[in-house]
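For reference, the structure discussed in these notes is given below.
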Amino acid sequence: MAGDGGEALAVRIERARKEYPIRIGKPKRCVVDDVSLSVAEGTIHGLLGPNGAGKTTTIKMLLGLVIPTAGVFEVEGIPSTVPVGRARLGFLPEQPYFPQQLTAAAALRLYGRLVGLREGDIRGRTMDLLELVGLEGKERVQVSKFSRGMLQRLGVAQALLGDPRVVVLDEPASGLDPVGQRDMRNLMLGLRERGVTVLLSSHQLSEVEVVCDRVTIMNRGRVAAEGHIDDLLNIAGQTSMRVRGLQSGLPDALEGLVRDVAVSGAVWVFSVADADVRRVVDAVDDAGGSIVSVSPKRESLEDYFSRLLSASVEGGSS
Amino acid sequence: MSLLRSAPASVALAVALLAVALFGQALSDANPPATAVTGTGYALGRASFAYLTGLRTFAAAVLWNRVDPVYHEYYGEGAVDRQRFMLPNMRLVTVLDPQFIQAYYVAQWIVVRNGRVDEALNISEDSVKNNPRSGLLRASFAQILMIYAHRPKEAVREADLALFHSDWANGFEQHDGYVVLRSVYRAAGRLDRVAYLQTSIDRLDRELDGVTPPEGSEESQAGERGHTDR
Amino acid sequence: MRRVYAIAAAVVMDSVRRKIVWVVVLFGSVMAVAIPSLPSYSLGIVQAVFREVALALSYAAALVVALTLAANRIPGEIERRTVYNVLSKRVARSEYVLGTWLGIVGVLGACIAAFTVVNQVIGQITYGDAMWRLWEGALGVWLETSVVAAFAVAVSTLVGPIVVVVASIAFVFVAHSRAALLGSAAPRIAWALFPSLDPLDVINPVAHGNGISAAYAGYMILVAIGYAAMFVLLGSVAFRRRDL
């Protein structure tokens with residue numbers, strides 16, 4: 001299964017649709033409408049959107065937990081709506097729950113059997129995963145005594161039990177402290193290094209911006225934007241420059257060429273049209289200043305997200 | 001389990017399984033066990049009734065245990081009017097367990113000793129209706145009829161039933177009952193019966209000589225065998 | 001089948017945790033011990049009456065256990081969202097339903113076996129008779145409550161516990177009402193096609209008669225497997241169409 005760029009696809013969702021009947025005689029409520037999503041192998045793909053956008057429903061359709069009204073759902077080329085298609089799939093639900101009477105080890109033993117691990121391998125794999133997620137020494141503790149963060153870590157462990165090739169994480173940082181969030185980030189990056197594909201649904205935009213290669217942004221059941229992070233966030237035709245050493249302020253030669261000027265201490269930050277970069281560099285040099293950095297101008301994912309959703313609201317209301 | 005994805009296949013399989021069950025059903029109908037199969041409901045109903053009856057009689061026994069210490073005081077020269085408060089409890093005991101002989105026995109005597117002869121007779125009639133084979137209750141009924149109601153013919157009839165058609169809890173009860181019957185017959189002028197009873201009483205005396213009365217019995221409480229007329 | 005057994009084992013472990021199972025087993029055992037002291041309703045608690053009350057008690061207790069487990073298992077897992085960890089893996093919904101039912105059947109078997117042992121001990125102590133025939137009655141009780149559990153599990157894939165319990169009790173009632181509903185004048189085909197659990201009710205033959213033959217036991221097993229498998233199948237089909 002290959003994407004447009006010829007890369008192998010780990011996850012393919014095409015024209016997904018989910019409708020719920022409301023009442024007889026009334027039109028059905030469409031919560032996911034014509035959503036398509038492709039995730040290349042070995043990448044981390046973010047799925048973003050406000051509450052009620054349809055992210056979780058889309059993920060659940062992929063996992064066979066919700067029956068799709070229409071659409072194609074494949075994991076490594078095999079339909080994931082049938083059990084065999086989920087053989088190499090791991091899933092961390094949002095706020096995972098476990099049978100309360102089990103210990104951590106017993107819970108993983110149960111799920112290990114479900115993913116087909118041999119009895120002889122389950123214990124070793126259990127201990128390895130508990131150590132990986134920071135729960136070493138907790139194998140005999142009852143799940144009922146776990147904190148929210150510990151349950152989250154255990155959820156990650158059970159998602160990784162079957163050595164999956166694709167991992168779906170729904171709000172993985174939920175309930176984790178900053179250290180835990182960092183660990184989760186490193187875990188995802190580690191999975192990518194090993195060639196595991198990660199589909200990440202999260203509200204933590206800063207986290208998504210750091211780890212994701214591509215994102216799909218959903219709003220009101222539809223795809224609002226999709227693409228590589230850099231392509232989405234980089235502002236086309238603009239360059240950001242940082243300059244120091246301008247003792248007398250910005251030289252006159254820069255008048256009209258620079259925008260969004262900010263100064264902090266001795267460092268000046270401003271944006272320049274790509275075509276004017278050389279002229280600005282020469283003007284700074286002539287004024288006795290020095291260039292600290294030149295890079296494509298980029299807005300934060302948060303700003304992009306907010307701008308996108310505001311536009312869709314205005315477009316809907318106009 | 002791909003069969004389940006096809007609706008017609010699922011329906012066909014369900015029908016096939018139903019056919020298997022109905023086939024087994026037909027075989028069992030054609031070859032029933034030698035003893036007729038009874039509905040589960042009947043067995044459950046009978047068992048429930050047995051347990052409810054058990055609960056009922058258990059409740060009666062618990063209630064009686066509350067009045068029993070005071071009841072025994074009756075024989076220890078306790079004032080009769082102090083016994084009156086036990087009557088509602090005793091009534092409840094007989095309602096819960098109509099076969100609770102002691103409750104009838106004591107209640108009728110408390111009532112009659114308080115001057116309520118008709119009421120005592122009603123209790124006695126109820127008692128023998130629910131326990132027709134109780135020698136103790138028949139003898140007591142006969143005694144009340146003779147001494148308090150002054151109805152010798154009916155007293156003799158009850159005494160005959162006690163003597164010839166009744167059962168006794170133990171030898172001690174039978175001995176004391178015969179003593180009571182002897183006094184009834186003597187008051188009615190039936191000396192033939194008196195002579196017969198004397199023989200039986202003498203025999204019982206010999207048989208029970210040296211035997212310890214059952215624990216909690218009147219005999220053990222009174223500390224002597226042989227009962228004086230009340 | 002490994003996945004099915006893993007799910008069944010999880011059901012058994014969860015049942016061990018549930019106080020209701022222990023309470024029912026303990027209470028039932030105490031009531032069984034009390035049987036010989038019950039006031040008689042015929043000619044005393046003779047052995048036949050003891051067997052009848054003991055088996056009726058086993059049936060009632062097993063029914064409580066079956067309904068408690070079956071009505072709460074799947075709805076509870078869905079409500080607590082613990083089902084996501086299972087069904088997001090390579091586990092078919094039919095495997096999940098089958099595993100749940102098998103686990104309940106296992107628990108029922110253990111409870112009924114425990115009751116039967118207690119009854120045998122009481123019988124041996126009170127009447128000097130180990131009453132091995134009680135196991136024939138126990139088989140009937142186990143098979144019937146397994147069918148009821150299958151029905152309850154199937155219904156629980158769609159509705160909540162209270163509706164499951166009410167529906168299951170209605171099912172038991174109807175399944176034992178063939179004679180009352182059809183009457184002796186009904187055509188034979190109606191008798192043959194009316195689904196009934198009467199073949200599984202062997203309390204009377206075991207208690208008051210000579211028990212059941214091996215062939216009859218085979219018929220009972222056929223009836224139980226047919227109905228139970230049908231309900232598990234229907235439950236699986238219904239569950240496949242449910243959004244979680």
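Everything quoted here is computed from the prediction, not taken from an experiment. Letters go in sequence order (proteins before strands), and every chain restarts at 1.
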Inset, instruction - Decide yes or no for C/Leu222 and B/Leu27: does some side-chain heavy atom of the first lie under 4.5 Å from some side-chain heavy atom of the second? - result: yes
Legend entry - C/Ile221 versus chain B, the contacting section by heavy-atom distance below 4.5 Å: neither
Legend entry - Within 6.0 Å of CZ in C/Arg133, more than 12 heavy atoms from elsewhere: yes
Inset, instruction - Can you tell which part of B/Ala26 gets under 4.5 Å to a heavy atom of chain C, answering side chain, backbone, both or neither? - result: neither
Inset, instruction - May I ask you to check whether over 12 heavy atoms, not counting those of C/Phe194, lie within 6.0 Å of atom CZ? - result: yes
Inset, instruction - State whether the number of non-hydrogen atoms from other residues, nucleotides or ligands found under 6.0 Å of B/Arg91 atom CZ is greater than 12. - result: no
Inset, instruction - Let me know if C/Phe173 has heavy atoms under 4.5 Å from chain B in its side chain, its backbone, both or neither. - result: neither
Legend entry - Distance-minimising heavy-atom pair for C/Tyr216 and B/Pro32: CE1-CA, 4.1 Å
Legend entry - Side chain / backbone / both / neither for C/Ser213 at chain B, heavy atoms under 4.5 Å: neither
Legend entry - B/Ser28 OG to C/Asp201 CG distance, which is reported to the nearest 0.5 Å: 11.0 Å
Legend entry - Charged N-O contact under 4.0 Å between C/Arg178 and B/Asp29: yes
Legend entry - Structural part of B/Asn31 lying under 4.5 Å from a heavy atom of chain C: both
Inset, instruction - Say whether, by atom type as modelled, one donor and one acceptor occur between the side chain of B/Gln25 and the main chain of C/Asp198 under 3.5 angstrom. - result: no
Legend entry - Considering all heavy atoms, the nearest C/Ala192-B/Leu22 contact: O-CD2, 3.5 Å
Legend entry - salt bridge (charged side-chain N to carboxylate O under 4.0 Å, His left out) contacts in which one or both residues fall within residues 230-239 of chain C, not counting sequence neighbours: none
Legend entry - Exercise: identify the closest heavy-atom pair between C/Met230 and B/Leu18: SD-CB, 3.6 Å
